[in-house]
Every structure is written in C-alpha cells, then in structure tokens.
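We use all heavy atoms of the structure for the numbers below, so side chains are in, but hydrogens, waters and symmetry mates are not.
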Amino acid sequence: VALVIVSLALTAAAFRYDPGRPPVELRRNELEIHSWFYGMTVEAASVDVNTVRVVDLLSEKDWRPVRRVGGFGNSHYRSGNFRTANGRAVKLFTTGSQKLVLLPPRTEAGMPVLLDVTDPERFAEQVREAWKER
C-alpha cells in the first residue's frame with residue numbers, strides 16, 4: 001500500500017512540475033542551460049551563429065515539438081530530446097511559449113536547440129553579438 005501511495009504521489013508531482021523558464025548563462029564561448037532534468041552546455045563553436053533566430057511555432061509548424069524521445073514533458077514544461085513535426089531531433093527547453101530561440105548546429109551531425117526565454121528577439125541578438133567572432 002505504501003508503495004502505491006508513493007508511486008501516486010510521484011506521478012502527481014511529475015504532472016504538476018512547473019519550474020518556469022530554465023535559467024541560462026550566456027558566456028563568450030558557451031551557453032549554459034540550467035534544467036533539473038536535461039540541462040546542458042552549448043559550445044559557441046558548435047552553433048551556426050549567423051542563423052540563430054526566433055522560431056514562431058504558430059507560423060513555422062515544422063518546428064513544433066510533437067514527440068518526446070528522451071526527456072521530460074508535461075503540460076507545463078518540456079525539456080530534453082524531442083522530435084519536431086518535420087521529423088528533426090532537437091534539444092528542447094520550453095514552458096509552452098510559441099516563440100523560441102533556435103540555436104542551429106554548425107554541422108549536420110549537430111542537434112538544434114529550441115530555447116524558451118523571456119525576450120526571444122533580444123536574446124537571439126545577444127547570442128549573435130556574443131558569438132559573432134566564433
């Protein structure tokens with residue numbers, strides 16, 4: 001009985017988990033994304049800085065995350081590995097916003113990152129400016 005109660009409590013907690021947007025630290029050579037479940041460090045050298053931009057999921061439906069393949073997801077928060085509507089694998093960190101910053105990989109072998117931040121346009125510009133020499 002105790003095991004069932006603990007299992008139900010953990011399941012309820014997972015459904016209600018809502019940490020908000022993940023804190024990020026933009027540095028000269030990297031971006032650190034702090035997430036309890038799937039945080040990561042994105043090296044500036046791995047990103048195609050010239051094509052960093054904001055993706056509007058309402059108008060760019062191909063980028064819409066449709067399937068979790070290795071990550072955490074509930075109605076409030078999603079992080080980790082996801083597939084988009086166009087079948088592409090991405091690292092995703094979102095609270096459900098429609099506008100996300102896209103950090104495209106420099107090579108085909110890399111994985112794009114879609115990141116939820118307070119002001120996506122401003123943040124994309126900050127990334128391009130900080131990493132323009134990379």
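Take Lys91 and apply the side chain to side chain donor-acceptor pair (under 3.5 Å) test, not counting sequence neighbours, and it matches Asn81. Scanning for side chain to side chain donor-acceptor pair (under 3.5 Å) contacts around Ser97 gives Arg21, Asp116, with sequence neighbours left out. With sequence neighbours excluded, no residue forms a side chain to side chain donor-acceptor pair (under 3.5 Å) with Asn50. Listed by chain and residue number, Thr84 satisfy the side chain to side chain donor-acceptor pair (under 3.5 Å) test with Asn86 (two or more places apart in sequence, or in another chain). Partners of Glu43 by salt bridge (charged side-chain N to carboxylate O under 4.0 Å, His left out), not counting sequence neighbours: none found. Take Arg122 and apply the salt bridge (charged side-chain N to carboxylate O under 4.0 Å, His left out) test, not counting sequence neighbours, and it matches no residue.
By the 4.5 Å heavy-atom criterion applied to side chains, Asp48 and Pro105 are not counted as neighbours. In this structure, the side chains of Val117 and Asp119 stay at 4.5 Å or more apart for every pair of heavy atoms. A 4.5 Å side-chain heavy-atom check between Trp63 and Leu114 finds at least one atom pair inside the cut-off. Proximity of His34 to Glu25: side-chain heavy atoms (C-beta onward) are separated by under 4.5 Å at one or more points. Side-chain contact between Val127 and Leu103: present, with at least one pair of heavy atoms (C-beta onward) separated by less than 4.5 Å. Looking only at side-chain heavy atoms (C-beta outward), Leu57 and Pro65 come within less than 4.5 Å of each other. Looking at Thr94 and Leu100, their side chains come closer than 4.5 Å, going by heavy atoms from C-beta outward. Residues Glu32 and Arg27 meet the side-chain proximity criterion, which asks for heavy atoms closer than 4.5 Å.
Across all their heavy atoms, Leu115 and Pro22 have their closest contact at CD1-CG, 4.2 Å. Nearest heavy atoms, Trp131 versus Arg28: CD1-O, 3.1 Å. What you find for Arg128 and Val49 is that their closest heavy atoms are CG-O, 3.5 Å. When all heavy atoms of Pro120 and Val101 are compared, the pair lying nearest together is O-CG2, 3.5 Å. Contact between Lys61 and Ala85 at its shortest, heavy atoms only, is O-CB, 3.3 Å. The two atoms that bring Phe93 and Ser79 nearest to each other are CD2-CB, 3.8 Å, heavy atoms only.
The backbone N or O of Phe82 sits nowhere less than 3.5 Å from a side-chain atom of Arg67 that would complete a donor-acceptor pair.
Cluster annotation: Val24 and Met40 are assigned to the same hydrophobic cluster (Ile/Leu/Val/Met/Phe/Trp/Tyr, side-chain heavy-atom contacts under 4.5 Å, transitive). Val113 and Leu26 fall within a single hydrophobic cluster, where Ile, Leu, Val, Met, Phe, Trp and Tyr are joined by side-chain heavy atoms under 4.5 Å apart, directly or via other members.
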(Q) Between Val47 and Val52, does the side chain to side chain contact (heavy atoms under 4.5 Å, CB included) criterion hold? Intermediate values first, please. (A) CA-CA 8 Å; Val47 174; Val52 169; 3.7 Å; yes

Q: In sequence, state the C-alpha distance, the side-chain angles, and the governing distance for Glu121 and Lys99, and then conclude on side chain to side chain contact (heavy atoms under 4.5 Å, CB included).
A: CA-CA 9 Å; Glu121 288 84 5; Lys99 290 187 176 185; 3.7 Å; yes

Q | Steps toward salt bridge (charged side-chain N to carboxylate O under 4.0 Å, His left out) verdict (Glu60, Arg53) | A | CA-CA 12 Å; Glu60 297 181 69; Arg53 66 185 182 89; 2.9 Å; yes

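Here Ser46 contributes atom OG and Asn29 contributes atom CG; the two are 11.0 Å apart, rounded to the nearest 0.5 Å. Annotation: the span from Ser59 atom OG to Gln98 atom CD amounts to 9.5 Å, rounded to 0.5 Å.
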